[in-house]
> 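For reference, the structure I am asking about is given below.
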Amino acid sequence: MSIYVGNLPFEVDQEDVAEVFTEYGKIKRVHLPMDRETKRKRGFAFVEMETPEQEAKAIAALDGAQWMGRELKVNQAREREPKSSFSGGDRSQDRRY
């Protein structure tokens, strides 16, 4: 299981996020996705904790909490949906070489 943490300020780093979640258990991993084009953080993170009980406790405590001037959105992360290979139109003109 993994936790989705949304509405993060762009300037936070992995240590900042880990510090908040450490209160609820042992952190296994913090991932802050980066935008491919701008190379900036995307404003959300994924946190993995040692046990599902720790993750549930963190979600219950932090969802809606104020942090760094923002209201956090914290919930169980969903599996990434596979992208369809059919795009609904001829995209041959959109290819970048």
Side-chain angles (χ1 to χ4, degrees):
M1 185 167 108
S2 186
I3 300 171
Y4 167 83
V5 186
N7 202 27
L8 292 174
F10 293 111
E11 64 270 9
V12 300
D13 59 25
Q14 290 180 326
E15 291 78 25
D16 295 328
V17 175
E19 186 177 318
V20 171
F21 280 81
T22 299
E23 183 177 334
Y24 305 98
K26 184 173 180 183
I27 307 298
K28 288 172 52 177
R29 180 175 179 251
V30 174
H31 176 63
L32 290 161
M34 304 285 278
D35 184 275
R36 287 185 201 132
E37 293 180 21
T38 65
K39 306 297 185 218
R40 286 184 51 194
K41 293 176 190 131
R42 296 179 64 194
F44 62 91
F46 295 100
V47 177
E48 292 178 27
M49 300 183 78
E50 198 164 76
T51 68
E53 294 78 22
Q54 292 172 352
E55 290 180 348
K57 192 163 104 174
I59 291 168
L62 296 173
D63 187 37
Q66 290 290 322
W67 186 58
M68 296 180 77
R70 293 178 174 241
E71 184 176 316
L72 296 178
K73 306 293 183 205
V74 183
N75 52 53
Q76 184 175 349
R78 293 182 287 218
E79 290 292 321
R80 180 181 244 177
E81 294 181 15
K83 292 187 178 182
S84 172
S85 60
F86 178 70
S87 63
D90 179 15
R91 294 185 52 128
S92 61
Q93 300 300 322
D94 292 340
R95 292 189 185 146
R96 295 184 176 110
Y97 295 97

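Computed from a prediction, not measured in an experiment: that's the story for all the values here.
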> Which heavy-atom pair separates Lys73 from Glu71 by the least distance, and what is that distance?
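That closest heavy-atom pairing would be NZ-OE2, 3.4 Å.
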> For Pro9 versus Met68, what's the shortest heavy-atom pair and its separation?
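In terms of heavy atoms, the two residues are closest at CG-CB, 3.9 Å.
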> Kindly state each residue pair satisfying ring-ring contact (aromatic ring centres under 6.0 Å, His included) with at least one member in residues 6-28, sequence neighbours excluded.
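Matches after skipping sequence neighbours: none remain.
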> Which distance, rounded to the nearest 0.5 Å, do you find between the CG of Leu72 and the CD1 of Ile59?
12.5 Å
> Looking at Pro33 and Ala45, what are the two nearest heavy atoms and their distance?
CD-CA, 4.2 Å
> Is it true that atom CD of Glu19 has more than 12 heavy atoms of other residues, nucleotides or ligands lying nearer than 6.0 Å?
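No, CD of Glu19 has 12 or fewer neighbouring heavy atoms, counting only those of other groups under 6.0 Å.
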> Kindly indicate whether the side chain of Trp67, heavy atoms from C-beta on, has any atom under 4.5 Å from the side chain of Asn7.
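A side-chain contact under 4.5 Å is absent here.
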> Strictly distance-based, threshold 3.5 Å: is any side-chain N or O of Lys41 a donor or acceptor partner for the main-chain N or O of Val12?
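Such a contact is found between Lys41 side chain and Val12 backbone.
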> Out of curiosity, does Phe46 fall in the hydrophobic cluster containing Met49 (side-chain heavy atoms, cut-off under 4.5 Å, transitive links)?
no
> If hydrophobic clusters are built from ILVMFWY residues whose side chains come within less than 4.5 Å, do Met34 and Leu32 share one?
no
> Compare all side-chain heavy atoms of Ile3 with those of Val74 and state whether any distance is below 4.5 angstrom.
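Heavy-atom side-chain distance check passes, below 4.5 Å.
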> Check the angle between the aromatic planes of Tyr4 and Phe44 and answer parallel, tilted or perpendicular using the 30° and 60° thresholds.
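Ring orientation of Tyr4 relative to Phe44: tilted.
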> Indicate yes or no for a side-chain donor-acceptor contact from Asp63 to the backbone of Asn75 under 3.5 Å, with no hydrogens or angles considered.
no
> Compare every heavy atom of Gln54 with every heavy atom of Lys26, then report the nearest pair and how far apart it is.
N-OE1, 3.3 Å
> Ignoring hydrogens, what is the shortest heavy-atom contact between Ala18 and Ile27? Give both atom names and the distance.
O-CG1, 4.1 Å
> Hey, is the main chain of Arg29 close enough, under 3.5 Å, to the side chain of Glu48 for a donor-acceptor pair?
no
